Student: 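I am attaching a structure below and will ask some questions about it afterwards.
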Amino acid sequence: LFDKSPVPTPSVSPLLPDADRYGLCVGMAWKMTAKTSFDVGFMHLKFATRSTKGANDDTYEGKYRTRAELLGFTIVHRF
């Protein structure tokens, strides 16, 4: 996936270090019984490096490099 950041460069700070990001997702489901399944999903997000040198409203100038690894598990039981 590709997600373009809605945050303008003057607003980027340590509280909001947003940037354009690329993501990769994968997941699987296992049927354990006729009514129960186990799901697992993983997402890797790589954010573009973003610089605020000379452009930040609050003088939080610098380079922001971010990444995220998200892992989720779900057990589903149907009654």
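Not measured: the values here are computed from a predicted model.
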Student: Verify the cluster assignment for L70 and F42: are they in a single hydrophobic cluster under the rule of side-chain heavy atoms below 4.5 Å apart?
Tutor: no

Student: Please enumerate all residues that pass side-chain hydrogen bond (donor to acceptor under 3.5 Å, both in side chains) together with T49, with sequence neighbours excluded.
Tutor: none

Student: Please report the interatomic distance CG(D39) to CZ(F73), rounded to the nearest 0.5 Å.
Tutor: 11.0 Å

Student: What pairs with L15 under side chain to side chain contact (heavy atoms under 4.5 Å, CB included), at least two apart in sequence or on another chain?
Tutor: S13

Student: Under 4.5 Å between side-chain heavy atoms, counting indirect links through other Ile/Leu/Val/Met/Phe/Trp/Tyr residues: same cluster for W30 and V76 or not?
Tutor: no

Student: Taking side-chain hydrogen bond (donor to acceptor under 3.5 Å, both in side chains) as the definition, give me every residue that meets it alongside S5, ordered by chain and number, with sequence neighbours left out.
Tutor: D18, R50

Student: Check for me, please, whether L24 and V26 land in the same ILVMFWY cluster - side-chain distances under 4.5 Å, paths through other members count.
Tutor: no

Student: Starting at CZ of R67, measure out to NZ of K46 and round the result to the nearest 0.5 Å.
Tutor: 8.5 Å

Student: Please identify each residue that fulfils side-chain hydrogen bond (donor to acceptor under 3.5 Å, both in side chains) with D3, with sequence neighbours left out.
Tutor: R21

Student: Which distance, rounded to the nearest 0.5 Å, do you find between the CG of L71 and the CE of M43?
Tutor: 12.0 Å

Student: Of all the heavy-atom pairs spanning H44 and E69, show the shortest one and how long it is.
Tutor: ND1-OE2, 2.8 Å

Student: When clusters are formed from ILVMFWY side-chain contacts under 4.5 Å, directly or step by step, what else is grouped with Y22?
Tutor: F2

Student: Determine whether L16 and Y64 fall in the same hydrophobic cluster, where Ile, Leu, Val, Met, Phe, Trp and Tyr are linked whenever their side-chain heavy atoms lie under 4.5 Å apart.
Tutor: yes

Student: Which pairs with one or both residues in residues 70-79 pass side chain to side chain donor-acceptor pair (under 3.5 Å), sequence neighbours excluded?
Tutor: T36-H77

Student: Using every non-hydrogen atom in the two residues, find where L1 and C25 come nearest and quote the distance to one decimal.
Tutor: CD2-SG, 4.0 Å

